[in-house]
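Worksheet: the structure to be examined is printed underneath.
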There are 2 protein chains.
Amino acid sequence: MPEPQGDTEAPGRPPRRGERRPTMTDVAERAGVSRALVSLVFRDAPGASRTTRERVFQVADEIGYRPDSAARMLASSRSKVLGVMLTVRNPFHADMVESIYPVAEQRGYEILLSAASPTRDERKAVDALLGHRCEGLLLLGPTLPTSYIAELGAKLPVVSLGRRFPGVDVDAVHTAEAKGVRQAIAHLVELGHRSIAHIDGGRGPGSAERRKAYREAMRKHGLADYIRVLPGDQTEESGSATAKVLLAEGSAMPTAVLAGNDRCALGLLDVVWRAGLQVPGDLSVVGYDDSHLAHLSHIDLSTVRQDPNRHAELAVQCVVDRLDGVRDGAEEFVLEPKLVTRGTTGPPGRSGKMSA
Amino acid sequence: MPEPQGDTEAPGRPPRRGERRPTMTDVAERAGVSRALVSLVFRDAPGASRTTRERVFQVADEIGYRPDSAARMLASSRSKVLGVMLTVRNPFHADMVESIYPVAEQRGYEILLSAASPTRDERKAVDALLGHRCEGLLLLGPTLPTSYIAELGAKLPVVSLGRRFPGVDVDAVHTAEAKGVRQAIAHLVELGHRSIAHIDGGRGPGSAERRKAYREAMRKHGLADYIRVLPGDQTEESGSATAKVLLAEGSAMPTAVLAGNDRCALGLLDVVWRAGLQVPGDLSVVGYDDSHLAHLSHIDLSTVRQDPNRHAELAVQCVVDRLDGVRDGAEEFVLEPKLVTRGTTGPPGRSGKMSA
DNA sequence: GCGCTCTACTAGCGCGCTCTAGTGATAGAG
DNA sequence: CTCTATCACTAGAGCGCGCTAGTAGAGCGC
C-alpha cells in the first residue's frame, strides 16, 4: 500500500515512511533566508556572515537535512566523486581502499566502490562507476585489456594501481618490483640459502616484472643453476598446490621460496606447517605485498612491503591533479618497496623432519 | 539554448577528455526525434515503434551516450540504488557482495558499496550511502547501536544481515545460529569428543546466540563439565591467541574447538599446524560461515555453512518488497545452517606430539 | 461526413541543487 | 554630497532527465 511517490500534490500530506526528505528550501524557509544562501553555506563559499552560517547549520541539523548529491552533481556538473574498482577478495586491495577514503576526503572527493568478481567482470564494474558520474577512476590491479584502458583514459583521468600500461595515456602507481625482489633474494642469500624458488604470479599485477627480477637476481648471485620458477597465480590455492609439489621432493626441495604475493605465501605456509615442517628451519618463505595477512602475529610473514597508504595517496593525487588541470601527460609513480623480515625467514638448517 | 560546443563537432569520434558528455538531447537531435521519445526508449516504456527504438539505440551507441544516473534519480525521485555497508576485510561479506550484485540487477536495482573500517566507522559509511540517495540499505553484520538502526529504519527500508535487532522496525536475515551450533557439537560428540571448547565471537554478529547454543548443546549431551567458552572475537588474531593459550595446556587441552567464525578458526589452525600438531588427530576444529577461506583445499575446514547467496537473495528481496509496498512490518528471515564436514574434524586420537 | 480508438510521438514542467548576475545597505574617499 | 568598494544576501536560469498531458494521424464503423 505505501507506494513510493507519484502523487506530487498536497504539500502538507503526511508522508509515510521516511517523510519527504528535507530540501534546501525547507532549511531556507525555517531559517528565514534564501535558498541561495543555504547553498552558499553548505558549499562553504564566502558571502555569509558567521551568525547566519551557524543558524543555517543548526536548522539543517534540526530537520535532518542532508545535501542531495544527485542534485548537486547535476547542477554543478562536477560530481566530486572518484570511482574505485577493486577485487573484493583481495586483501591488498582492502588495505588500499582503507587508505583511499581518508586521502580522498581530505582532497574533497567522495569514493564510490565497485567490485569485480568472477561473476561480474571488470568492465561491468567500471561501467557502473561511469554511470554514476565519477570524475576519475582508480583501478586496483586491473586486468582489463590495454585497448579498453586507453579508451577509458581518453574519457577521464584514470590511474592504474599495481599494473603499468606503457604507451597509454593513463597514470600508474606501482612499486619498483625488481628492487623488492632483489632485496628479498639478497636477504635469503645472506642467510645462506642457495636453492631459492619463485612461485609465479601468473597474469597478476607485477608478476612479469617479479619473475624477470628473480631470474636476474639469482644470476647476479651466481645461482643461475638454482633458478626455478614454479607456475602459479596470486591465490592461496596456487601456494598450497605448489607446496604439495615441493613437499613431494623431499630433501631435494628448495630451502627458500619467494611467493608471488602474500596470499600465495599463505597457502604455501599452511600446507607446509600442516606437514609438520619447521618454518624457517626447513623452509624459508617470503611473500609480497605486506598485506594485512602478513602482519598477523601467527603468520609473521617476511614479505616485501608495498605501502598501501602511499599508493592510495599518490593515486588520488594523480587523479585530482589531472582534474584540476595541473598535469597532463601520463605519469608513472614508482614506489620504493621495502623488505620486511619477520619470522618466516632464517638460515637454512634442516630440522630433520623432511619426510614427515 | 547555448550552442553545443564551439570546436568539438565531430560525429563518430570518441569524445575527448573534458568534452561535454552527450545527453539525451544529442541523441534525439541526431536521431531526428524528440527528447521525450529517447527517454521513453531508454526506460523501456511502451509507445515507441520497433524501428524508432532501434534507431535510437544505434545513435546512442554511436555518440557514446550513457544515461546519467544523477539526473535520472533527480527527475524520478527514485534512484533504483541499494546501498551496501560492509567491512572490507571480511571474507563472508565478500561472498555476500558477490551474490548481491546479480540479484539486485535482476530486480532492477544498482548497488553502491560503502566500506567500514577501523578508520572509517559504520556511521560514516552509512552516511555516504544516504547522501547518494540509496532507497534501501543492506547492512552486513552491523555493529551499530540499536537506536541508530531504528532511526535509519524509520527513514528507509533497512535489512540487517547476520544480526538481529529485536523490537526495531528493521528486517533481518540471519541463520538459525543455535541449529548450526547444535549440529557442530553433535558431530563432534559423535566422533567421540567430550572436551569441546568454544572460542567466543565477542560482539560480532551471531556470537551471543552461538555462545548460548554452545552451552545448551553441551549440557544436552551431558558434557556440562566440559563447557569452556574462551574469550575472543571474529578475527584471525583471536584464533591464534587462543591457540597459544591452549597449546600451553599440553595434554589438558580440549580435543575439539568450535571457533567463532572461519577467520578465527584459521588463526587457530595456523598456530596449531605450526606447532606440529596434527589436525584432526590432536585437535578437531570447526569454523562458522563457510566463507571462501574454508573451501580452500589446503585448509579444508569443517564449518557451519551460511549460504551467502541465499542471504543476499533474501535481503535484496526484503528491501525491494518494502520499496514496492508489498510488505510493511519488520520481518525476520531465518535460514537453515548446514554443517559441512571437511578435513579438520575427526575422532580424537592423540598423535603423541602434544608437547611439540 | 461524424465520432471513436489506437498508436506514435511531442511539449514542457519540475526534481534539488549550483552559480551568475544582480540588489540594497553601509562605509570610507574625494 | 556623490562615487566607489565591500559585505550580506537574493533572483532566477539551468543541469539532464522522467513523466503527465496532450496532439497528429491512421483505421474503422455507421
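Chain letters run A, B, ... following the sequence lines, proteins first, then strands; residues in each count from 1. These numbers were taken from a predicted model, which means no experiment stands behind them.
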*Does a salt bridge link K124(A) with E105(B), judged by any charged N lying under 4.0 Å from a carboxylate O?*
yes

_Point-to-point distance, once rounded to the nearest 0.5 Å, from CD of E110(B) to OG of S79(B)_ = 8.5 Å

*Rounded to whole angstroms, how far apart are CD on E54(A) and C1' on dA8(D)?*
16 Å

*Look at R107(B) together with D321(B) and state whether they make a salt bridge at an N to O cut-off of under 4.0 Å.*
yes

*Using atom CZ of R50(A) as one end and atom C1' of dC7(D) as the other, report the distance to the nearest whole Å.*
16 Å

*What residues form a side-chain hydrogen bond (donor to acceptor under 3.5 Å, both in side chains) with R53(B), not counting sequence neighbours?*
none

*Show your working on side chain to side chain contact (heavy atoms under 4.5 Å, CB included) between V41(A) and V27(A) and close with a plain yes or no.*
CA-CA 11 Å; V41(A) 170; V27(A) 178; over 6 Å; no

_Atom pair distance, as rounded to whole Å: CG in L37(A) and P in dT23(C)_ = 18 Å

*So, is S39(A) near the phosphate of dC17(C), with a side-chain N or O under 4.0 Å from OP1 or OP2?*
no

*Of all of residues 75-82 of chain A, which get a heavy atom below 4.0 angstrom from DNA chain C, listed by number?*
A75(A), S76(A)

*dC17(D) C1' sits how many Å from R21(B) CZ, rounded?*
12 Å

*Distance-only donor-acceptor test (3.5 Å): side chain R35(B), base dG12(C)*: yes

*Provide, to the nearest angstrom, the distance between the CE atom belonging to M73(A) and the P atom belonging to dT18(C).*
11 Å

_Over the length of the helix from dG1(C)-dC30(D) to dG30(C)-dC1(D), how much do the five-pair end axes diverge, rounded to 10 degrees?_
60°

*Quick one: label P46(A) by what it contacts on the DNA or RNA (base, sugar-phosphate, nothing), any heavy atom closer than 4.0 Å.*
nothing

*Tell me what R133(B) touches on the nucleic acid: a base, only sugar-phosphate, or nothing, going by heavy atoms under 4.0 Å.*
sugar-phosphate

*Identify, between S34(A) and A36(B), the residue whose nearest nucleotide on DNA chain D lies closer to the 5' end.*
S34(A)

_Between S39(B) and R43(B), do the side chains contain a donor N or O and an acceptor N or O under 3.5 Å apart?_
yes

*Using the closest heavy atom to pick a nucleotide of DNA chain C for each, name whichever of A71(B) or V33(B) lands nearer the 5' end.*
V33(B)

*asked:* Expressed as a whole number of angstroms, how long is the span from H132(A):NE2 to dC17(D):P?
replied: 14 Å

*Determine the sole option in L82(B), L152(B), V319(B) for which the side chain to side chain contact (heavy atoms under 4.5 Å, CB included) test with L137(B) is passed.*
L152(B)

_Pair E122(B), T143(B): side-chain N/O donor-acceptor within cut-off below 3.5 Å_ = yes

*asked:* Assess, by modelled atom type and distance only, whether the side chains of T23(B) and R35(B) contain a donor and an acceptor separated by less than 3.5 Å.
replied: no

_Spacing between L40(A) atom CG and dC17(C) atom C1', to the nearest angstrom_ = 13 Å

*Among the candidates dG16(C), dC19(D), dC17(C), find the nucleotide nearest to the side-chain atoms of L74(A).*
dG16(C)

*asked:* Can you tell me if S49(A) touches the phosphate of dC9(D), counting only side-chain N or O atoms and a distance under 4.0 Å to OP1 or OP2?
replied: yes

_Candidate list M96(B), H93(B), M85(B), test side chain to side chain contact (heavy atoms under 4.5 Å, CB included), partner L161(B), passing option_ = M96(B)

_In this structure, how many angstroms lie between the P atom of dC17(C) and the CG atom of D68(A), rounded?_
6 Å

